[in-house]
Every structure is written in structure tokens, then in C-alpha cells.
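All remarks here apply to the structure that follows.
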Amino acid sequence: MIASLGDARDNAMPGRFFCTFVLAPANTARAGILAHPPDMPIMSRLWIPRPVLVTPSALAWPSGAAMIERAAALGSDIVRLNTDRLTGLPDAYRDAKTTLAIVTASPSRRRLQPIPPSADWRFDLAEGCPAHCTYCYLAGSLAGPPIIRAYANLPEILAELPAAVGQGRVTSTSADRAGEGTTFECSCYTDPLSIEHLTGHLAACIAHFGAWHAPAQLRFTTKFDTVEPLLALVHQGRTRIRFSINAAAAERHEGGAPRTKARLAALRAVAAAGYPVGLTVAPILRLPDWAEAYDRLFADVAIALDGLADLDLTAELITHRFTPKSKAVLATWYPGSPLEMDEARRARKMTKFGSVKWVFPKAQMTEMRLTLEASLVRHLPKARLLYWT
Ligand code: SF4
């Protein structure tokens with residue numbers, strides 16, 4: 001195992017964006033941590049939390065104990081808590097982002113939520129993410145310090161799903177998308193692939209949906225590229241893996257996440273393994289040369305997927321927006337970030353929950369939509385556009 005302190009982009013910003021990753025030969029250091037083909041020659045970067053806190057209830061689940069074992073094998077400090085309450089959590093951004101808490105999802109956390117326009121339902125395997133994207137949507141969604149919480153009680157989480165089959169309002173009742181079945185999204189509050197080497201829960205969910213003879217589909221999106229453990233799973237086409245990608249100039253906002261090139265290689269690998277795949281182009285930014293930048297992105301995707309037969313590819317195009325809360329939180333996490341969040345250049349909209357969000361003005365939105373959709377059709381004519389927002 002070769003230790004490397006931080007991502008190259010993080011190292012360019014000493015102190016503030018520090019995080020610890022390792023380069024680990026997949027067939028040596030990770031053997032025994034996750035079950036995957038032993039002859040894998042791919043080098044992968046893995047996030048290693050410093051403290052790993054585990055609650056008594058989480059430790060009682062086999063999954064909780066397995067996570068502790070994997071983290072300890074990677075060199076994390078394990079802290080066994082005496083109660084299920086998480087107290088004394090680090091407030092500092094850097095310390096929080098290197099902390100993993102293994103807990104159980106309470107009944108209210110396990111309750112499915114509608115999540116249009118992405119999917120019928122959302123369920124959560126974890127909350128938080130070890131990457132450092134300066135536009136991260138989690139800033140407006142999660143409360144408290146940005147530690148990563150992973151849930152150990154996966155059987156209880158999955159037990160909520162069957163009752164929702166046929167009940168959703170996005171794919172279940174759509175003439176265009178009914179073929180996807182009832183869709184369950186598990187990447188709303190985390191990037192599940194970023195912590196998969198510790199949890200193993202994505203693989204378990206993919207196998208669960210593969211063995212579940214129901215009109216249902218699992219969906220997740222990721223900025224990470226460590227897909228090797230997923231390639232040999234019996235997925236039966238019931239999991240759509242989408243990659244969150246952006247124009248090259250946006251990579252400066254994505255500290256701690258693998259480069260787009262690596263994500264596109266992972267996209268090709270999972271598509272070749274027969275998974276339905278997708279592009280989550282987000283957040284679309286009004287870059288100085290945005291039209292060319294996004295056209296280049298779609299051209300690069302076409303090159304990455306060239307020659308693959310039976311490709312099932314979707315695209316979701318999501319423009320940048322922010323709320324007063326997310327702007328305030330991001331300003332504390334990433335002071336000095338060059339990300340544009342200027343209300344004077346945006347249009348004010350009300351969400352369905354009665355809160356304010358700032359989006360691109362209508363004329364810009366229309367111009368960008370027409371341009372990007374034309375680029376998508378030109379480079380990826382077989383891609384199915386699910387929505388623009
Ligand atoms: Fe947030 Fe996604 Fe970046 Fe993680 S990878 S920090 S969830 S935007």
C-alpha cells in the first residue's frame with residue numbers, strides 16, 4: 001500500500017482541503033476487505049477515515065462489525081462508543097470530513113421519500129461524502145458538521161422497499177419510463193461508491209435488486225471510479241449506474257473526487273459489464289465558454305463509450321442553483337472559492353417547500369438547454385434524456 005497525503009488538487013490548497021487517500025493495489029491491500037475478482041490489475045484510490053466511531057446498536061449488526069474490520073485493516077482508529085448518541089463531533093471542516101460514524105438508521109430515516117425528477121423513491125445507505133466539491137448540494141441538505149454517517153442496519157433499510165413497488169410518481173406511472181419499473185435512488189445524501197470499500201452496501205444492494213423478481217430498479221450516481229468490485233455482480237440489469245460529470249473547467253471545484261477521465265473509464269467498464277448506465281451532468285455552470293466546454297464533454301463521453309454494443313444510456317442535465325442556506329454553509333467550508341453564487345446574476349424562485357433558490361435567468365436557461373440538448377443528440381444520439389432542470 002502506498003500512502004499519499006491528499007489529492008493533488010487538495011495539496012494545492014494547503015491545510016483547508018486536506019484529506020487522506022491511499023493508492024492501494026486492488027488485488028493486494030483490499031483482498032479480504034471486499035469480495036471481488038482477485039486478478040484485478042486496477043489501482044484505486046480509497047478514502048481512509050481517521051477516527052471511525054461506532055455505536056453499540058450498529059456494532060450489533062454483522063455489517064457494522066464488518067465495516068469496523070475493514071476500516072481497522074486500512075489503518076483507521078476505531079472508537080467504540082458507549083451509547084447510540086453521537087456526541088463531541090468535530091466542528092472543524094477538515095476533522096469532520098475525515099470522520100466516519102457507523103450508526104443505525106432510525107425508523108424515520110428509513111421511511112422512503114419521493115424524489116422527483118430522478119426516481120420514484122429515495123432511500124439512504126449513508127449521509128455525507130468524503131470529497132470536497134465547492135458546489136456540493138449536501139451543504140444545503142444536511143445539518144451539523146459534515147461527518148460521514150454509514151448505516152449498519154441494511155436489512156431493515158431494504159425491508160421498506162417492497163411496499164413501495166408500483167407506488168411512485170416518476171417512473172411507476174410514466175408511459176415513457178414504466179419499463180424501468182419502480183425506481184429507488186440511493187445517492188441523494190451521499191456518494192455511495194466513495195465509501196463502498198468500507199461498507200460493501202452498494203454491492204449488497206445491487207445483488208439484492210438482481211435477485212428481486214419485481215418491477216424495480218436501483219439507481220445511484222457517483223463521482224468515484226472504484227467500480228471493479230461491482231463488475232462481476234449478478235445485477236440482472238436492475239441497477240442503473242450514473243456518473244456525475246462536468247465540463248473540464250469545473251474540475252477545479254471537485255477536490256478529492258477522481259478526475260472526469262477516470263469516471264469515464266469507469267462508465268465504460270460498468271456499461272461493458274451490462275449495467276444500464278447514465279450521465280448526471282451537474283451542476284451545469286455558466287462558464288465563459290460553456291457551449292464549447294459541454295460539447296467537448298459529450299464528445300469525450302462518446303469516445304469513452306465507442307464500440308459498446310447494447311448500450312442503455314440516459315442523461316440527466318441539472319443546472320447550478322443555490323439557496324441562502326447552501327451559500328452560507330459553502331462559504332464557511334470553502335472561503336475564497338471562485339464558484340459564482342451572485343444573486344444579482346440569478347433569478348429567484350420559490351421551491352415547493354416555500355423556500356428560496358437562485359437559478360439562472362430564464363433566457364440563459366433556455367439558451368443553455370437548447371445548446372446542451374443539441375450537443376447531446378449530436379454526440380450521443382442513443383442517449384435518452386430524462387430531464388433538464
Ligand atoms: Fe458532494 Fe457529490 Fe462532491 Fe461528494 S462527490 S462532495 S456528494 S458533490
Side-chain angles (χ1 to χ4, degrees), residues 6-10 13 16-21 44-49 93-100 115 118 122-151 185-199 201-202 219-227 241-264 266-267 278-285 316-323 325-327 329-334 337-339 341 389:
D7 175 83
R9 284 158 291 165
D10 298 331
M13 300 175 279
R16 178 155 296 281
F17 297 98
F18 177 88
C19 67
T20 302
F21 285 87
S44 299
R45 292 185 315 164
L46 302 175
W47 174 67
I48 300 181
Y93 170 85
R94 179 203 286 187
D95 295 337
K97 274 279 189 173
T98 54
T99 299
L100 174 67
I115 187 74
S118 169
R122 177 196 113 208
F123 72 103
D124 298 319
L125 301 173
E127 284 187 5
C129 171
H132 306 271
C133 303
T134 60
Y135 53 67
C136 184
Y137 64 98
L138 294 179
S141 312
L142 299 179
I147 70 162
I148 293 94
R149 291 174 170 80
Y151 299 132
E185 168 77 58
C186 70
S187 53
C188 290
Y189 280 181
T190 187
D191 186 318
L193 193 55
S194 70
I195 53 173
E196 175 65 6
H197 57 291
L198 297 164
T199 68
H201 279 175
L202 211 39
R219 294 162 55 79
F220 69 89
T221 191
T222 182
K223 274 193 176 66
F224 282 73
D225 64 336
T226 47
V227 294
I241 304 180
R242 297 119 72 216
F243 287 85
S244 173
I245 53 172
N246 214 319
E251 281 194 326
R252 67 194 295 219
H253 299 296
E254 297 176 343
R259 295 294 172 108
T260 305
K261 195 175 170 191
R263 289 176 231 163
L264 294 184
L267 167 67
L279 310 173
T280 309
V281 184
I284 296 168
L285 302 171
E316 292 149 84
L317 307 182
I318 303 169
T319 54
H320 182 251
R321 69 274 323 273
F322 60 90
T323 65
K325 181 184 173 192
S326 68
K327 179 176 174 176
V329 172
L330 288 170
T332 63
W333 287 359
Y334 309 112
S337 163
L339 183 69
M341 286 193 284
T389 185

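All heavy atoms count here, side chains included; hydrogens, waters and symmetry mates do not. For the single chain, residues carry numbers from 1 onward in sequence order. Counting starts at 1 for both ligands and their atoms, following the listed order.
Using modelled atom types, no side-chain atom of Ser326 and backbone atom of Gly140 make a donor-acceptor pair closer than 3.5 Å.
Counting only residues at least two apart or in different chains, side chain to side chain donor-acceptor pair (under 3.5 Å) contacts with residues 142-151 comprise Glu127-Tyr151.
Checked against the 6.0 Å centroid criterion, the rings of Tyr334 and Tyr93 qualify as a close aromatic pair.
You'll find the side chain of Lys223 reaches within 4.5 Å of the side chain of Cys133, heavy atoms only. Counting heavy atoms from C-beta on, the side chains of Trp47 and Leu100 come closer than 4.5 Å.
Within the protein, the number of N/O/S atoms found under 2.8 Å from atom 3 (Fe) of ligand 1 is 1.
We find that Glu251 and Lys261 are not joined by a salt bridge, their nearest charged nitrogen and carboxylate oxygen being 4.0 Å or further apart.
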